[in-house]
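See structure below.
Counting begins at 1 with the first residue of the sequence. Counting convention: from 1, in listed order, for ligands and their atoms alike.
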Amino acid sequence: MKFFIDTADVGEIREASELGLLDGVTTNPSLLSQQSGDPIEILREITKIVDGPVSAEVTATDHEGMVREGLALRKIAENIVVKVPMTLEGIKAIRSLSSENVPTNCTLIFSSAQALMAAKAGATFASPFVGRLDDISQDGMELIAQCVRIYDNYDFATEVLVASVRHPIHLQQAALMGAHVATMPAKVIGQLAKHPLTDIGLERFLADWEKVKNRN
Ligand code: G3P
């Protein structure tokens, strides 16, 4: 399973990449708006830190505009993936971009029918948002199970990119379901390694070792 970080904060990306487990980055207009400076320069810096795919989202809403913007974003670096919203115009844009071998990430997916359309259009990644579904009392993880099953049924090459991840249980369930990628905020990546019994166990090992050292 690939681990992506969901942020436009260069410091967080650098720190996560030092772990050696980071396979890519997802950004969106909201995440970029939280950073100061030119978004294009921020994206350029991110693409230099991480070798893997870096999603950069278009803000045009018509398909010609999305394609134009997508091609311009691709000029930033080879590892830019053009993120396109799940709309009918977005589907046309994904079709055009994928026919020119431009990798795409179809974002804002909230149903398996939308995920099916993204795959048929040739998206490289499809991003179902689990946390935002949970927020409205719908089961976000059920959508992931459906997407994985549908892509498997028809041998789609599109990868299920679990987005809007809020806690390690989302990640654990996504992995059990066979989702290809999860994009997580830095906080969740930090939480993955945590378990209270690990902390208690380590504390006890070190305390016992002190007794050995003080034997003589
Ligand atoms: O990048 C898209 C997605 O991961 C957003 O997550 O927490 O804003 O719902 P969130």
Side-chain angles (χ1 to χ4, degrees), residues 1-13 16-17 21-35 39-40 42-43 45-47 49-50 52-61 66 69-70 73 76 79-87 90-91 93-94 103-112 114-115 117-118 123-148 158-175 177 179-192:
M1 184 190 217
K2 292 174 203 159
F3 283 7
F4 287 6
I5 189 167
D6 195 31
T7 184
D9 183 319
V10 169
E12 285 183 351
I13 294 166
S17 84
L21 302 180
L22 192 64
D23 301 298
V25 179
T26 51
T27 68
N28 61 40
S30 304
L31 292 170
L32 279 161
S33 76
Q34 291 160 16
Q35 305 301 314
I40 298 295
I42 295 171
L43 287 166
E45 200 174 344
I46 295 172
T47 58
I49 302 169
V50 180
V54 174
S55 288
E57 190 162 337
V58 299
T59 52
T61 52
M66 288 174 177
E69 234 185 282
L73 287 167
I76 298 172
N79 54 338
I80 287 281
V81 170
V82 180
K83 206 172 185 188
V84 178
M86 163 43 76
T87 59
I91 288 297
I94 289 169
T104 54
N105 175 359
C106 185
T107 189
L108 290 167
I109 290 183
F110 294 95
S111 78
S112 53
Q114 291 178 323
M117 287 183 86
T124 316
F125 301 102
S127 293
F129 279 31
V130 294
R132 293 193 197 183
L133 277 172
D134 291 353
D135 289 345
I136 59 156
S137 303
Q138 287 187 21
D139 187 349
M141 294 316 299
E142 176 53 30
L143 173 59
I144 301 305
Q146 291 172 4
C147 293
V148 170
T158 306
E159 296 189 25
V160 177
L161 193 168
V162 183
S164 188
V165 166
R166 300 277 164 78
H167 46 68
I169 297 169
H170 276 149
L171 186 276
Q172 181 193 331
Q173 291 178 336
M177 288 167 182
H180 308 86
V181 192
T183 189
M184 298 165 274
K187 181 176 158 239
V188 175
I189 295 179
Q191 286 173 330
L192 294 181

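- For Pro103, the side-chain contact (heavy atoms from CB on, under 4.5 Å) partners are Arg74, Val81, Thr124, not counting sequence neighbours.
- Legend: residues meeting side-chain hydrogen bond (donor to acceptor under 3.5 Å, both in side chains) with Asp134, ordered by chain and number and at least two apart, are His170.
- Only one option out of Val54, Thr27, Ile42, Thr7 pairs with Ile13 in a side-chain contact (heavy atoms from CB on, under 4.5 Å); it is Thr7.
- With sequence neighbours left out, Glu69 forms a side-chain hydrogen bond (donor to acceptor under 3.5 Å, both in side chains) with Thr59.
- Residues Leu171 and Phe3 are in side-chain contact: their nearest non-hydrogen atoms beyond the backbone lie under 4.5 Å apart.
- Note: Ile5 CD1 to Asp23 CG = 12.0 Å, rounded to the nearest 0.5 Å.
- Within 4.0 Å of ligand 1, counting heavy atoms only, the contacting residues are Asp6, Asn28, Lys83, Phe129, Arg132, Ala163, Ser164, Arg166.
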